[in-house]
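Input: a single structure, listed below in structure tokens.
Values reported hereafter were calculated over all heavy atoms of this structure, with side chains retained and with hydrogens, waters and symmetry mates removed. Throughout, protein chains are lettered first and strands after them, A, B, ... in sequence-line order, and every chain is numbered starting at 1. Everything numeric here is computed off the predicted structure, so don't read it as measured data.
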2 protein chains.
Amino acid sequence: MNDAVEGDGPHKGSASLSSSQQDYLKQIFLLNDTARGATTQLLAERIGVRPASVTGMLKRLAEEGLVERAPYRAVHLTETGRRIAVEIVRHHRLLEAFLSQTLGYRWDEVHEEAEALEHVISERFEQKVAELLADPDRDPHGDPIPTRELALEEDQHLRTLALLPKGSRGTIRRVTLQDQDALNLVERLDLLPGRTIEVAGTHPDGISLLAAGSRFLVPALLAAHLLVDVAPHPSSAPPKKREGAGRPVAHEQ
Amino acid sequence: MNDAVEGDGPHKGSASLSSSQQDYLKQIFLLNDTARGATTQLLAERIGVRPASVTGMLKRLAEEGLVERAPYRAVHLTETGRRIAVEIVRHHRLLEAFLSQTLGYRWDEVHEEAEALEHVISERFEQKVAELLADPDRDPHGDPIPTRELALEEDQHLRTLALLPKGSRGTIRRVTLQDQDALNLVERLDLLPGRTIEVAGTHPDGISLLAAGSRFLVPALLAAHLLVDVAPHPSSAPPKKREGAGRPVAHEQ
DNA sequence: AAAAAAAGTTAGCCGATCCTAATCGAGCTC
DNA sequence: GAGCTCGATTAGGATCGGCTAACTTTTTTT
């Protein structure tokens, strides 16, 4: 035996999957909603292994019926695989909320710890934390927490800051970054979820922002990861945007 | 790489030890204070592997300077090994207190979960929990929690119920059991830490006890794991807190 | 469309940890 | 003190998940 983690014990579907396997499923899930999909290379980067290792693991996961794949193509989760992945995403985000709210972690410290704990906590732990926090629906980064039934609300109306036209106003709702340095910068610029902003201008290298009276430049790399709830005010239409970048998200459960 | 756990990150000494290794060290530590010491067989039982596997792991641990051993003899921890072991014991007991007090786990549910989490939490987590609970010195089973500096107070004055003579009175302070069924029984008999009792008689198969007005038999197997704070005189007031005489004892390994 | 680049896969290997089966050693019995 | 028994060790193997190097397929460039 290796490190088959059974923090989950005799629960749902994640029983007897190693931390490693859980991690692959989670990353596949998270990448499936992006433009390029869950490619071998992206997975390798996210997970921190070499591409060859990814190919190997994907084979194993395919044998266990957790993913479906065609060689040289992006992988997809099966329904079973998706359920497990969402379960882990729930663990992760619930833990982030918990670490932040109950243990007083700083905003930028939660990710790493949750990363380690998510594979190990039991169903009971998940429940107790959910109770304690009264079923939160967002983690500290603004990411939606899947419900107990594993339904994941999508932020259809949020738009990435990078693509907003000059004059747009709105409220930052999500910060989809994990990098420590980037998070620090976001904090320093005071661009945390909840902050209302206005786009003062767009540049090739970023977005000029008006927030809290001051004006400053948000690097494009950062702006791409700030999801904004756009106010219907200036000239924009009511929230009804949906298929901006790709297929409907894989979650019919 | 395998499952080298780095929940601990760049801290003390436990950095880069696998969960498995951590577990061995912890069990060696726990067994070192017992009559037979940390023998291959006992370790195998506690850890849930075959004796041959223990021999193998002990060799690796010896190479890393964490244990000292002579073939066919019980193992001992080096100072480094001991430090890591105590660190993990601290994690475990702190987590048990936390699960019980903060998350509302039942008394008999905490062990299993702590077992999984103890290898994964960071130094920060440990600190935050210790703060939240105001540096508790006992876990829910009455086991002493090593201090931040890894000093472990010994319960020198506690005596096992199994060996008390008829007529003894005292207060149960520790329940050194982990087995779920046994714990349930302890709970059913209401023999949790804090309960005051009197030995009504001794039998080959157990101890006859007088507690809360009723009289019942405690099986010898159970009695051996109930540590009692014996009252100096039949009339002595039942000490509310724990021993006033105990002092922190640096654990000579 | 041919060549180059990038991405993915295969093959072979390694280390960690576990296992079973067989052998060895220590300590007690007679 | 010769056995015998039980605990400990060795030998040999399996699995998991990682790696490198070499090769194949897809995509991009010219």
Checklist entry - Which parts of residues 58-69 of chain A get close to DNA chain C, meaning a heavy atom less than 4.0 angstrom away? => result A:Lys59, A:Arg69
Checklist outcome for this item: Between A:Ile47 and A:Pro71, whichever has its closest DNA chain D nucleotide further toward 5' is A:Ile47
Checklist entry - Which is true for B:Thr40 with a 4.0 Å heavy-atom rule: it touches a base, it touches only sugar-phosphate, or it touches nothing? => result sugar-phosphate
Starting from [atom2] on [N], measure out to [atom1] on [X] and report it in whole angstrom.
X        : N      : atom1 : atom2 : result
A:Gln41  : C:dT9  : CD    : P     : 12 Å
B:Met57  : D:dT9  : CE    : P     : 15 Å
A:Arg50  : D:dC19 : CZ    : P     : 6 Å
A:His119 : D:dG17 : NE2   : P     : 12 Å
A:Leu31  : C:dA7  : CG    : P     : 15 Å
A:Glu45  : D:dG18 : CD    : P     : 16 Å
B:Arg73  : C:dA26 : CZ    : C1'   : 10 Å
B:Leu43  : D:dT9  : CG    : C1'   : 15 Å

Item to check | Residue B:Ala52, side-chain heavy atoms: nucleotide from D:dG18, D:dT10, C:dT17 that is nearest | outcome: D:dT10
Next on the checklist: As a test of reading the structure: which of D:dT9, D:dG18, C:dC19 is closest to the side chain of B:Ser53, going by heavy atoms?
Outcome noted: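 Of the candidates, C:dC19 comes closest.
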Determine: side-chain N/O of [X] to OP1/OP2 of [N], distance under 4.0 Å, yes or no.
X       : N      : result
B:Tyr72 : C:dT23 : no
A:Tyr24 : D:dG18 : yes
B:Thr39 : D:dG7  : no
B:Ser20 : C:dC18 : yes

Please determine, by modelled atom types, if [X] and [Y] share a side-chain donor-acceptor pair under 3.5 angstrom.
X        : Y        : answer
A:His111 : A:His92  : yes
B:Ser122 : A:Glu113 : yes
B:Gln22  : B:Glu118 : no

Checklist entry - Can you tell if the side chain of B:Phe29 reaches within under 4.5 Å of the side chain of B:Leu152, non-hydrogen atoms only? => result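 Side chain of B:Phe29 against side chain of B:Leu152, heavy atoms only: contact under 4.5 Å found.
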Checklist entry - Taking NZ, NE, NH1 and NH2 as the nitrogens, is one of them in B:Glu126 or B:Arg90 under 4.0 Å from a carboxylate oxygen of the other? => result yes
Checklist entry - Between A:Arg148 and A:Glu123, is there a salt bridge with N-O shorter than 4.0 Å? => result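 No salt bridge links A:Glu123 with A:Arg148.
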Next on the checklist: Between A:Asp155 and A:Arg173, does the salt bridge (Lys or Arg N to Asp or Glu O under 4.0 Å) criterion hold? Intermediate values first, please.
Outcome noted: CA-CA 9 Å; A:Asp155 293 316; A:Arg173 292 289 181 219; over 6 Å; no
